[in-house]
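Hydrogens, waters and symmetry mates are skipped; everything else that's a heavy atom, side chains included, is used. All values reported here derive from a predicted model rather than from experimental measurement.
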Amino acid sequence: MARQFSSGYSSCPMSAAETSDNSAKGETDFGETDFGFRRVPEGEKAPLVRAVFDSVAARYDLMNDLMSAGIHRLWKAEMVARLNPRPGQRLLDVAGGTGDIARRALPRLAPGAGGRVFVCDANRHMVETGRARALDDGILVGVEWLCGDAEQLPFADRSFDLYTIAFGLRNVTRIERALAEARRVLRPGGRFLCLEFTPALTPLLQPLYDLYSFQVLPLLGQIVTGDRDAYAYLAESIRRFPSQSVLLELIEAAGFDRARARNLTGGVAALHSAWRL
């Protein structure tokens, strides 16, 4: 049962154990998937990813600023601008972490007019960190914080006008299932946006990008969070993620229409958008 903290806020509606098992209930693990450069049984990826974010939750936002020189803030601002939320709409931000997208979108959704953001993340520590910071900043209405699996969202069909996922799709076990869930919970006319790092840059920039990703980034992670492996996984997971064109194909295969991709900062990241028609 959810514990109520304040008007418009709730904690994770599932216990940690329930959340940990959510993606695997009723299933048998027949296949393998990528966890960074490792191949692991599908049932093991979600707990491994949760352990990564458990380790870095307290300094996750600081590391985002450091490792991107603050550019991630521009990417997220661009994401919300392109999303164009309107007063009274309902937004589901999956893998919402500490609420960066929610904070940017909330004023435009106008909670006084019924607008609302649901921040859904599989990691309880990330959710609780984001909720505590929002409360400290006086954000008291219009946001719900809960634990949930992107592949089995705890929401009814056609519940939302908008769906966002920023730097979270590469961490799911089955991208196709997460995309199908995104379409399921969107209403007809609903908007889907995904912000994610891309696996490759131009040949001229790739050697520098690799040097930063595999040498500098893990060292920075060790210094700031005490967890080098978490940021080694980050670099590896980016390289294993589908290219922009392949992700477009997956989005269209999930039943979305008018799928588009836009590169950001020379292709370091990309913003994919589509409509549920």
With Arg191, which of Leu83, Leu186, Asp161 fulfils side-chain contact (heavy atoms from CB on, under 4.5 Å)? Leu83
ring-ring contact (aromatic ring centres under 6.0 Å, His included) contacts in which one or both residues fall within residues 250-271, not counting sequence neighbours: Phe192-Phe256
Is there a side-chain contact between Phe118 and Val185 in this structure, where contact means two heavy atoms from C-beta onward sitting under 4.5 Å apart? no
Calculate, to the nearest 0.5 Å, the distance between atoms CE and NE2 belonging to Met79 and His272 respectively. 11.5 Å
May I have all residue pairs that pass salt bridge (charged side-chain N to carboxylate O under 4.0 Å, His left out) and include part of residues 77-90, sequence neighbours excluded? Glu78-Arg262
Is there side-chain contact between Leu234 and Arg170, with heavy atoms separated by less than 4.5 Å? yes
How far apart are the closest heavy atoms of Leu277 and Arg183, and which atoms are they? O-NH2, 3.9 Å
Besides Leu211, the hydrophobic cluster formed by Ile, Leu, Val, Met, Phe, Trp and Tyr side chains linked at under 4.5 Å, directly or via other members, contains none
Taking all atoms of both residues into account, what is the closest heavy-atom pair of Gly97 and Val119, and its distance? O-CG1, 4.1 Å
I'd like to know whether Tyr209 forms a side chain to side chain contact (heavy atoms under 4.5 Å, CB included) with Ile238, so could you lay out the CA-CA distance, the side-chain angles of the two residues, the decisive distance to 0.1 Å, and finally the verdict. CA-CA 12 Å; Tyr209 189 43; Ile238 292 169; 4.0 Å; yes
Considering all heavy atoms, the nearest Leu169-Ile175 contact: O-CG1, 3.9 Å
A side-chain contact here means heavy atoms from C-beta on lying under 4.5 Å apart; do Val268 and Leu264 qualify? no
Nearest heavy-atom approach of Asp121 to Ala95 is OD2-C, 3.2 Å
Nearest heavy-atom neighbours spanning Leu91 and Thr164: CD1-OG1, 3.7 Å
Leu153 and Cys120: side chain to side chain contact (heavy atoms under 4.5 Å, CB included), yes or no, with the steps? CA-CA 9 Å; Leu153 293 169; Cys120 182; 4.2 Å; yes
Heavy-atom pair with the smallest gap, counting every atom of Ala178 and Tyr163: O-OH, 4.3 Å
Under the rule for ring pair (Phe, Tyr, Trp, His ring centres under 6.0 Å), what residues qualify as partners of Tyr212, not counting sequence neighbours? none
Is the side chain of Gln89 donor-acceptor paired with the backbone N or O of Gly115 at a distance under 3.5 Å, no angle test? no
Do Gln244 side-chain atoms and Ala270 backbone N/O form a donor-acceptor pair below 3.5 Å? no
Apply the hydrophobic cluster definition, ILVMFWY joined by side-chain contacts under 4.5 Å directly or through others, and give me every member besides Leu208. none
Can you pull the ring-ring contact (aromatic ring centres under 6.0 Å, His included) pairs that have at least one residue in residues 74-113, sequence neighbours excluded? Trp75-Phe197
Should Phe214 and Glu236 count as side-chain neighbours, where that means a heavy-atom distance under 4.5 Å? yes
